[in-house]
Amino acid sequence: MNKHFLGDTTVLLGRSLRHISRSPDTIITTAIMPIAFMLLFVYVFGGAIETGTGSYVNYLLPGILLITIASGISYTAFRLFLDMQGGIFERFQSMPIARSSVLWAHVLTSLVANLISLVVVVLVALLMGFRTGAGVLGWLAVAGILVLFTLALTWIAVIPGLTAKSVDGASAFSYPLIFLPFISSAFVPTESMPGPVRAFAEHQPVTSIVNAIRDLFTQQPVGTDIWTALAWCVGILVVAYIFANMSYRRRIS
């Protein structure tokens, strides 16, 4: 690793964060859709959905948090694509900086922006009646899972950001990720789903992640869900990181 990696990444991270600070609508837009889903499901559909729990917003929030992340990472691919098309990467290559710092700056920017969006969504959920008995350790565990999930999806976003042929192509990949929670335990228990749908829902990553976060919020024993969730997050992160760096090397070679 280049000895200047940390310093170079910090400088480029500051550059990306300044771009976001000048365009706060990015974070606002990221949070609007999950909040709209939360309002719709709690106040329109919530009374008709049987989850076996007291408050539907308590049941719903973990899935909404994952949707927030999935909608936010599309901006990572978008910003990366614009940098590639604008010739910024070629300019950076002519400078004595660590090449990997360019990607890491975008990834860390995504992490910061998504964490801000998550805080906004949680504050709205509190206004809607969300309550949890989770202590500091429980909240730290939830934050750790969300950070891992954000990093995993962000490295996935890097790939289309580097390889897409158009702006629409760079950001459109996130749409399936946004709707994946709908075929999981995020909105209704999987027991209410027909056989094939239930089988898919119970064996995809979102369900284990949602269940682990929900158990942490309600102070229930997490069982194997938390280990399954961590395995999914780490596995996706490692694979996405490898393919993103392969795409980056091909692009700058």
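Hydrogens, waters and symmetry mates play no part in the numbers below; they use all other heavy atoms, side chains included.
With contacts defined as side-chain heavy-atom distances shorter than 4.5 Å, the pair I35/I64 does not qualify. Proximity of T76 to V107: side-chain heavy atoms (C-beta onward) are nowhere separated by under 4.5 Å. Counting heavy atoms from C-beta on, the side chains of I178 and M33 come closer than 4.5 Å. Between I242 and V238 there is a side-chain heavy-atom pair separated by less than 4.5 Å. Between S184 and T190 the shortest side-chain heavy-atom distance does not fall below 4.5 Å. V121 places a side-chain heavy atom less than 4.5 Å from the side chain of L61. For the pair T132 and Q219, the minimum side-chain heavy-atom distance is 4.5 Å or more. Using a 4.5 Å heavy-atom cutoff, the side chains of M193 and F200 are not in contact.
For the salt bridge (Lys or Arg N to Asp or Glu O under 4.0 Å) test, residues two or more places apart in sequence or in another chain that qualify with R198 are E202. The ring pair (Phe, Tyr, Trp, His ring centres under 6.0 Å) test applied to W139 returns F217, not counting sequence neighbours. Every ring pair (Phe, Tyr, Trp, His ring centres under 6.0 Å) that F179 has, sequence neighbours left out, goes to F182. Evaluation of the side-chain hydrogen bond (donor to acceptor under 3.5 Å, both in side chains) rule for S208 yields no partner, not counting sequence neighbours. Every residue was checked against the ring pair (Phe, Tyr, Trp, His ring centres under 6.0 Å) condition with F81, not counting sequence neighbours, and none meets it.
For the residue pair Y59 and P62, the shortest heavy atom distance occurs at O-CD, 3.5 Å. When every heavy atom of D215 is checked against every heavy atom of P221, the shortest pair comes out as OD2-O, 3.7 Å. When all heavy atoms are compared, the tightest approach of V206 to P181 is CG1-CA, 3.8 Å. Nearest heavy-atom pair across R131 and N58 is N-OD1, 3.1 Å. Contact between A125 and V57 at its shortest, heavy atoms only, is O-CG2, 4.4 Å.
Judged by distance alone, the side chain of S117 and the main-chain N or O of A113 form a donor-acceptor pair under 3.5 Å. Of the possible donor and acceptor atoms, one in the side chain of R214 sits under 3.5 Å from a partner among the backbone N and O of S185.
S247 OG to L103 CG: the interatomic distance, rounded to the nearest 0.5 Å, is 9.5 Å. From L216, atom CG reaches atom CG of L137 across 10.5 Å, with rounding to the nearest 0.5 Å. With rounding to the nearest 0.5 Å, the separation of CD1 in I145 from SG in C233 is 7.0 Å. Of the inter-residue distances, the one linking F37 atom CZ with I32 atom CD1 reads 13.0 Å to the nearest 0.5 angstrom. Note that CG of L111 and NE2 of H106 are 14.5 Å apart. Values are rounded to the nearest 0.5 Å. Put simply, OG1 on T207 and CH2 on W232 are 10.5 Å apart, with the number rounded to the nearest 0.5 Å.
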(request) Quick one: do T109 and R79 satisfy side-chain contact (heavy atoms from CB on, under 4.5 Å)? Show the steps, please. (result) CA-CA 10 Å; T109 300; R79 288 189 294 265; 4.1 Å; yes
(request) Could you give me the CA-CA distance, side-chain angles and deciding distance for M128 and Y43, then say whether side-chain contact (heavy atoms from CB on, under 4.5 Å) is met? (result) CA-CA 10 Å; M128 294 173 62; Y43 294 125; 3.6 Å; yes
(request) Decide ring-ring contact (aromatic ring centres under 6.0 Å, His included) for F41 and Y56; before the verdict, give the C-alpha distance in whole Å, the side-chain angles of both, and the deciding distance to 0.1 Å. (result) CA-CA 9 Å; F41 275 86; Y56 186 57; 7.0 Å; no
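For L127, the CG atom is densely surrounded, since the number of other residues' heavy atoms within 6.0 Å is greater than 12. Summarising the local packing, CZ of F130 is surrounded by more than 12 heavy atoms from other residues, nucleotides or ligands at distances under 6.0 Å.
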Which side-chain N or O atoms in residues 147-160 pair as donor and acceptor under 3.5 Å with protein atoms at least two apart or in another chain?
residue : atom : partner : partner atom : Å
T150    : OG1  : L146    : O            : 2.7
T154    : OG1  : S110    : OG           : 2.9
T154    : OG1  : T150    : O            : 2.6

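Two different hydrophobic clusters hold L140 and L230 under the rule that ILVMFWY side chains link at heavy-atom gaps under 4.5 Å.
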